Amino acid sequence: MNIQLPDGSSRTLADGATAYDLAADIGAGLARATIAATVNGKQVDVSHVLSDGDTVSLITEKSAEGVEVIRHSMSHLMAMAVQEVFPGAQVTIGPVIEGGFYYDFAYERAFTPEDLSKIEEKMRQLCNQKLPITREEWDRDAAIAHFEGMGEIYKAKLIGRIPAGETVSLYRQGEWSDLCRGPHVPNTGVLKHFKLMKVSGAYWEGNSDNEQLRRIYGTAWASKQDLNDYLHRLEEAEKRDHRKLAKSLDLFHLQEEAPGMIFWHPKGWSVWQVVENEIRSVMNQHGYKEIKTPQVVDRKLWEKSGHWEKFRDDMFTTSTENREYAIKPMNCPCHVQVYNQGLHSYRDLPLRLAEFGSCHRNEPSGTLHGLMRLRNFVQDDAHIFCAESQIESEVLAFIDLVFETYKKFGFEDVIIFLSDRPEQRVGTDEQWDKAESSLHEALKAKGLEYGLNPGEGAFYGPKIEFSLKDCLGRVWQCGTIQVDFSMPGRLGAEYVDEESNKQTPVMLHRAVLGSMERFIGILIEEYEGKFPLWLSPVQAVVCNISDSQREYADSVAKKLQKCGFRVESDLRNEKVGYKVRAHTLQRVPLILVVGDKERDENTVSVRSMSGENIGTFTVDACVEMMKNKVQAYE
RNA sequence: GCCCAGGUAGCUCAGGGGUAGAGCACAUCCUUGGUAAGGAUGAGGUCGCGGGUUCAAUUCCCGCCCUGGGCUCCA
């Protein structure tokens, strides 16, 4: 029979030949390295019997696909090991994820970190046995009976979802078998480079009303080197963690008395102010008007806006003199109050009201996470009141604004998702059609790649989300733009159109950074605390070499401060090497060293954080140099 | 909110039923040194909070709070 290869060539094999036989026909080395194959676009095992005319590409452990097959087989190996070490544990599902795999088990107790070593040891034994992994086809009902007979009720439930009468595939290694689509590696001896990483709880079917399962995460790679590189990358990423850097760089802290709320220290707050002022200036240039609205607002407004009914449990409340208030969880109802003062003409639209709005949300305790997930955070929020016909142009302008801003802060890797209508929603289908299509059109017009989150829109309208990654690759939503058909009407917002008729404006909720705190958290990790000069809390430190330059050093620092720079002097009785080390570790971009020579010549010797000698400058020239760097966002 | 692991000096961490340990940081003194750690001395702790067991608890047990990793959630 004739087999087509991906390079366009073809090969003739005996009838009944398998993917393995094809690999062996090409070369013994390839046969050893092949762990699966793609036949006519479908992934299969190496034992798959080929047919005349098949197009086949072989999957080796070197390819991304191959690593996925290894990870998938690895999760089976782990499940087998768990069931041998902990009889009574039931299997459920065990998928491949980025960097590795996990498997969820039902078991009478949680697994501990010590259990992981035992499981790992068992896994190594099993892979040393080089157990053949074979595929079996079972009748669906027979498979259900088989797993039920073994007491594997979760597996039986999973197969129960497959239509009756269909054939299902089981993979067997030694005495152990699992329902699986495959493909898998030919034997457990291929599975060598792995590490079990962590234990966790997880809910059956991802639903918190269901029972809690015991999840074990692992990582697996094609080579020892890849595994070590991955573990090394994790270690490096931990050094960038904004919570660690916040301590060593003295940026902010949290304490028990205010969970989920930040105490900003002078240096952290300095970064905040620079970011806020930058956004403020950009907003001004883009036609926004900044406002400020109350923190504590009568419950009646939240009832009108619909928040009380829907999100009451997530709001902090307070009361006085028989009135009940909520601490605002979002700014939009207040912005509508500002809009509602006075009459608006269609000529006023779009009207863009911006606020650095501090919001409190009573997030569940388990979700709090450093600066990324808080109970009190400040949004760089704005609401655009406009006519329906203006939605698309406003969205286009907003997308530009987001990318312009992110670029300034050094972010190029932006993840975009569009969330469309949820089951429970307000507004007519026609309105949703229009709003969703204006969002799609805007993204397409900008040539942006984006994903779709079906049904994930807010109840009041669809949205686009712009997300950034933290040092461990976790994705955090930052920017967003959301169309809202509901709130302007509920809260009585109006404008007068060309024919003197009262109309309800559409409201666009939008934020560029999202939460100031979250954005700064990502910023800290992105730069590993080594902020560019314009963002750095301390831009330069003037260090004297010995006591005789104390006054001069201090005068240089004062002069730079007068020019608007954040500069400190270090006049301590320490050697200059000690001071240079200390301020380098504190991520100060520029260290200005002054000895007798500099004092006599009215200059400073400038050293960069990376240790580069930038040169000797007069104080005025140093000011110029720093100004240029700041303007270039360096 | 759920599961697991933690909480000891300002920071990073060790320890362990019987007066609490290190390094760094800090203070004082000596040293005045030219670009990543000069030396000496010293100060510092209700061992997260509350109960229990015990002659004795920071250590063992229970509850709670917070932090971390996941899960669920995220207007």
Side-chain angles (χ1 to χ4, degrees), chain A residues 102 104 107 109-116 197-217 238 241 243-244 247-248 250 253-260 302 305-315 329-333 359 361-370 372-375 377 422 456-461 463 465 472 474 476-477 480 482 484 486-487 509 514-515 543-550 573-585 591-598 605-614:
Chain A
Y102 68 77
D104 288 344
Y107 192 52
R109 65 166 177 86
F111 298 114
T112 65
E114 296 82 72
D115 294 338
L116 290 194
M197 303 296 285
K198 53 198 178 192
V199 291
S200 147
Y203 298 106
W204 167 242
E205 296 183 310
N207 182 338
S208 57
D209 295 332
N210 291 346
E211 56 272 43
Q212 186 122 35
L213 305 174
R214 321 296 180 176
R215 177 172 296 178
I216 301 176
Y217 285 92
E238 276 172 30
D241 187 311
R243 295 162 299 194
K244 286 201 170 145
K247 273 185 192 166
S248 60
D250 195 17
H253 83 271
L254 286 127
Q255 65 185 50
E256 291 193 26
E257 288 78 359
W302 305 109
S305 70
H307 291 100
W308 191 265
E309 190 193 351
K310 247 183 136 69
F311 306 110
R312 191 201 167 338
D313 290 343
D314 304 318
M315 289 160 76
M330 52 196 334
N331 307 299
C332 29
C359 297
R361 298 177 187 176
N362 195 5
E363 303 282 2
S365 55
T367 64
L368 303 179
H369 183 103
M372 305 304 197
R373 185 84 179 262
L374 291 166
R375 289 195 176 137
F377 57 93
E456 296 288 311
F459 69 95
Y460 50 69
K463 63 182 174 184
E465 289 172 5
L472 284 170
R474 290 176 291 209
W476 298 96
Q477 186 201 307
T480 182
Q482 316 186 352
D484 187 344
S486 159
M487 206 179 297
H509 306 245
S515 139
C543 298
N544 60 327
I545 289 171
S546 59
D547 280 350
S548 63
Q549 311 95 29
R550 284 179 68 99
N573 176 15
E574 296 289 352
K575 290 193 173 175
V576 74
Y578 178 92
K579 296 186 191 182
V580 164
R581 176 180 149 83
H583 301 299
T584 303
L585 290 176
I591 295 176
L592 315 182
V593 175
V594 297
D596 286 342
K597 183 162 160 282
E598 287 77 12
S605 166
V606 182
R607 184 193 206 273
S608 74
M609 196 196 310
S610 57
E612 189 192 354
N613 178 7
I614 297 182

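What you are looking at is a predicted structure, and each value in this text was computed from that prediction instead of being measured. Just so it is clear: chains get the letters A, B, ... in the order the sequence lines come, proteins before strands, and each one is counted from 1.
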Novice: Closest approach to the side chain of A/Met330, judged atom by atom: which nucleotide of B/A75, B/U12, B/U32 is it?
Specialist: B/A75
Novice: Is B/G51 syn or is it anti, if syn means the base angle is within 90 degrees of 0?
Specialist: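 What B/G51 shows is an anti base, its glycosidic angle lying more than 90° from 0.
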Novice: At 4.0 Å (heavy atoms only), tell me whether A/Glu598 reaches a base, stays on the sugar-phosphate, or touches nothing.
Specialist: base
Novice: Answer yes if the side chains of A/Glu309 and A/His307 hold a donor-acceptor pair under 3.5 Å, and no otherwise.
Specialist: no
Novice: So what does A/Gln482 hit on the nucleic acid, given a heavy-atom distance under 4.0 Å: a base, only sugar-phosphate, or nothing?
Specialist: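 Since only primed, P, OP1 and OP2 atoms lie under 4.0 Å of A/Gln482, the category is sugar-phosphate.
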Novice: Reckon A/Lys579 has a side-chain N or O less than 4.0 Å from the OP1 or OP2 of B/U35?
Specialist: no
Novice: Treat primed atoms plus P, OP1 and OP2 as sugar-phosphate and everything else as base, then score nucleotides 61-70 of chain B 5' to 3': B for base contact with protein heavy atoms under 4.0 Å, S for sugar-phosphate contact only, - for none.
Specialist: ----BSSSBB
Novice: Could you state the CD1-C1' distance from A/Ile545 to B/G34, rounded to the nearest angstrom?
Specialist: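 One finds 4 Å between C1' of B/G34 and CD1 of A/Ile545, rounded.
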Novice: Rounding to an integer number of angstrom, what distance separates B/G15 and B/A22 when you compare their P atoms?
Specialist: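 Per the computed distance, 15 Å lies between those P atoms.
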Novice: With a 4.0 Å cut-off on N to O distance, would you call A/Arg361 and A/Asp314 a salt bridge?
Specialist: no
Novice: May I ask you to say what A/Phe459 touches in the nucleic acid, namely base, sugar-phosphate or nothing, with a heavy-atom cut-off under 4.0 Å?
Specialist: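 Answer is nothing: A/Phe459 stays at 4.0 Å or more from every strand.
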Novice: Before accepting this row, confirm whether a basic side-chain N of the pair A/Asp115/A/Arg109 lies closer than 4.0 Å to the acidic partner's carboxylate O.
Specialist: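 Looking at A/Asp115 and A/Arg109, the cut-off is met.
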Novice: Does OP1 or OP2 of B/A25 have a side-chain N or O of A/Tyr578 closer than 4.0 Å?
Specialist: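 Affirmative; the distance criterion is met.
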Novice: Between B/G33, B/G34, B/A75, spot the one nearest the side chain of A/Pro329, thanks.
Specialist: B/A75
Novice: So, do A/Phe459 and A/Lys310 sit near enough that their side-chain heavy atoms are less than 4.5 Å apart?
Specialist: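 Contact flag for A/Phe459/A/Lys310 side chains = yes.
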Novice: Which parts of nucleotides 40-46 of chain B does protein reach within less than 4.0 Å, heavy atoms only, written one letter per nucleotide 5' to 3' as B for base, S for sugar-phosphate only and - for none?
Specialist: -------
